[in-house]
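To keep things clear, I will list the structure first and then write my remarks on it.
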Amino acid sequence: MTGQVVVVGSANVDLVVDVPRHPAGGETILGGDLRRTPGGKGANQAVAAARAGGADTTFVGALGQDESAELLLASLGGAGVRTDVVDRVDAPTGTALITVSPDGENAIVVAPGANSRVRVGAAQARRIAAADVVLAQLEIPLDTVIAAARERRAGALFVLNAAPSRDLPDALWDQLDVLVVNEHEAADLAGPGVGANPEDLAAALLARVPAVVVTLGAAGSLVARRGAEPVLVPAAEVAAVDTTGAGDTYCGVLAASLAGSGLAGSGLLQAARLAGAAGALAVTRPGAQDAVPDAADVVALAEHLLVGKN
């Protein structure tokens, strides 16, 4: 996979505790030891695009003037992500509080901090204008997401992972080339009366965006494009250890693959196959950025799954 990807998004330090189960309201439970690891949807996706996707990747985000920022810069740089246009601001670096149950499922609360100040200035705009794919999420201001989309060059793709779920303004819908959502996010965006079937949700969303990928967890993902039949891409069967960051790994590799192939022909379908393999490998390891696999392992698993299908 080749091409240039710019990821515009959040960066957090993840404070992670293993728990026997997620607590109910008003309940206190005892967990395991606290782990402090690099995370944040944008930073996770940038690491995935570079390490697991093999793309020339730049991260556009904002960090504080604190130790947490240094942890994140080290992780991004170690994965080969360019961080020279990351802003350092007078606010704490974002923090995520995460509990992980024995089946690998997580519950997350985010304190945005510096992520609320992510912007597209002149330096960021120049880097975005050179990219083949611009990837964003919704843990940063919507105005920044829209600004990033508008700075891309003609022919470059804008991919939005609409997470966490929120309403999208028309100004953002108008910029989308590919929308990546899970079933809950798809239902929120599709609106009432559509139903819960992923194909119905994708069909409803295609009225607003040319291509939709609905991630389905252990069931894989549904790839839908205007004028074509939707395709279910099965997931690899793996033993999940921690699902934190698996969706971000998926999105980063999807963007990296599209940067090399574009949307023409089977480009999106092949990108979803590689992304699914990367996400499957990520859940077999603890952490978010620490769990992102190497590109060679992603390609090997994707090829194995394709051979098995045939």
Side-chain angles (χ1 to χ4, degrees), residues 3-11 40-46 48-49 53 55-62 81-82 85-87 112 115-181 185-186 188-190 205-215 224-226 247-248 250-264 267-268 271 275:
Q4 294 189 48
V5 174
V6 171
V7 181
V8 184
S10 60
K41 295 191 73 64
N44 294 346
Q45 292 178 11
D56 180 343
T57 305
T58 294
F59 177 60
V60 172
V81 177
R82 299 187 188 192
V85 294
V86 172
D87 280 334
N115 295 314
S116 298
R117 303 190 186 184
V118 178
R119 67 184 183 95
V120 176
Q124 292 83 3
R126 285 192 295 270
R127 192 63 57 83
I128 289 169
D132 299 296
V133 173
V134 179
L135 170 63
Q137 329 73 36
L138 300 176
E139 287 186 334
I140 60 174
L142 280 175
D143 288 348
T144 302
V145 176
I146 295 169
R150 288 174 172 167
E151 292 293 344
R152 74 191 188 283
R153 62 174 174 79
L157 297 175
F158 180 63
V159 180
L160 178 69
N161 173 216
S165 185
R166 60 197 295 187
D167 291 335
L168 304 184
D170 289 341
L172 184 51
W173 278 111
D174 293 343
Q175 296 293 328
L176 300 186
D177 294 302
V178 181
L179 176 67
V180 184
V181 283
E185 294 151 0
D188 288 344
L189 290 175
L205 292 170
L206 287 176
R208 302 294 304 269
V209 62
V212 177
V213 178
V214 182
T215 58
R225 295 183 62 184
R226 288 176 182 164
D248 296 332
Y250 183 103
C251 291
V253 173
L254 186 86
S257 182
L258 289 173
S261 67
L263 280 175
L268 182 58

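Basis for what follows: all heavy atoms, side chains included, without hydrogens, waters or symmetry-related copies.
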Checklist line | Within-4.5 Å side-chain heavy-atom neighbours: I146 and P169 | finding: yes
Note to self: Within this structure, what is the CG-CD distance for the pair L168 and Q175, rounded to the nearest 0.5 Å?
What the structure shows: 12.5 Å
Note to self: Under the rule for salt bridge (Lys or Arg N to Asp or Glu O under 4.0 Å), what residues qualify as partners of R126, not counting sequence neighbours?
What the structure shows: none
Margin query: Evaluate R117 against D87 for salt bridge (Lys or Arg N to Asp or Glu O under 4.0 Å), listing each step before the verdict.
Written below: CA-CA 9 Å; R117 303 190 186 184; D87 280 334; over 6 Å; no
Notebook entry, point to check: Quick one: does R127's side chain have a donor or acceptor within less than 3.5 Å of a partner on V60's backbone?
Noted result: no
Item checked: Donor-acceptor contact present, side-chain R119 to main-chain T144, <3.5 Å -> no
Check: Which value, rounded to the nearest 0.5 Å, describes the distance between T57 atom OG1 and Q45 atom CD?
Finding: 11.0 Å
Next item on the list: Determine, stepwise, if the pair W173 / L205 fulfils side chain to side chain contact (heavy atoms under 4.5 Å, CB included).
Entry: CA-CA 10 Å; W173 278 111; L205 292 170; 4.0 Å; yes
Checklist line | Side chain E151, main chain A148, donor-acceptor under 3.5 Å | finding: no
Checklist line | Side-chain donor/acceptor of E139 to backbone N/O of P112, under 3.5 Å | finding: no
Margin query: L160 and side chain to side chain contact (heavy atoms under 4.5 Å, CB included): which single residue from V145, V209, V180 fits?
Written below: V145
Next item on the list: Decide whether Q4 and D132 meet the rule of one side-chain donor and one side-chain acceptor closer than 3.5 Å.
Entry: no
Notebook entry, point to check: Closest heavy-atom contact between A256 and A49?
Noted result: CB-O, 3.7 Å
Note to self: Restricting to non-hydrogen atoms, name the atom on D188 and the atom on S165 that form the minimum distance, rounded to 0.1 Å.
What the structure shows: OD2-OG, 2.6 Å
Check: Side chains of Q137 and V7: closer than 4.5 Å at any heavy-atom pair?
Finding: yes
Note to self: R208: which residues meet the salt bridge (Lys or Arg N to Asp or Glu O under 4.0 Å) condition with it, sequence neighbours left out?
What the structure shows: D170
Note to self: Working to the nearest 0.5 angstrom, can you tell me the gap between L172 CG and D143 CG?
What the structure shows: 10.0 Å
Check: Minimum heavy-atom separation for D248 to G40, with atom names?
Finding: OD2-O, 4.4 Å
Next item on the list: Could you tell me which non-hydrogen atom of A275 sits nearest to which non-hydrogen atom of L254, and how far apart they are?
Entry: CB-N, 3.8 Å
Checklist line | Where V6 and A131 come nearest, the two heavy atoms and their spacing | finding: CG2-CB, 3.7 Å
Notebook entry, point to check: What's the spacing between S261 OG and L268 CG if we round to 0.5 Å?
Noted result: 8.0 Å
Checklist line | salt bridge (Lys or Arg N to Asp or Glu O under 4.0 Å) against R82, all qualifying residues, sequence neighbours excluded | finding: D56
Next item on the list: Can you see which heavy atom on L258 is nearest to which on V133, and at what distance?
Entry: C-CG2, 3.8 Å
Next item on the list: Among V134, L135, V8, find the one that has a side chain to side chain contact (heavy atoms under 4.5 Å, CB included) with F158.
Entry: V134
Next item on the list: Tell me, with the steps shown, if R166 and L142 meet side chain to side chain contact (heavy atoms under 4.5 Å, CB included).
Entry: CA-CA 10 Å; R166 60 197 295 187; L142 280 175; 3.7 Å; yes
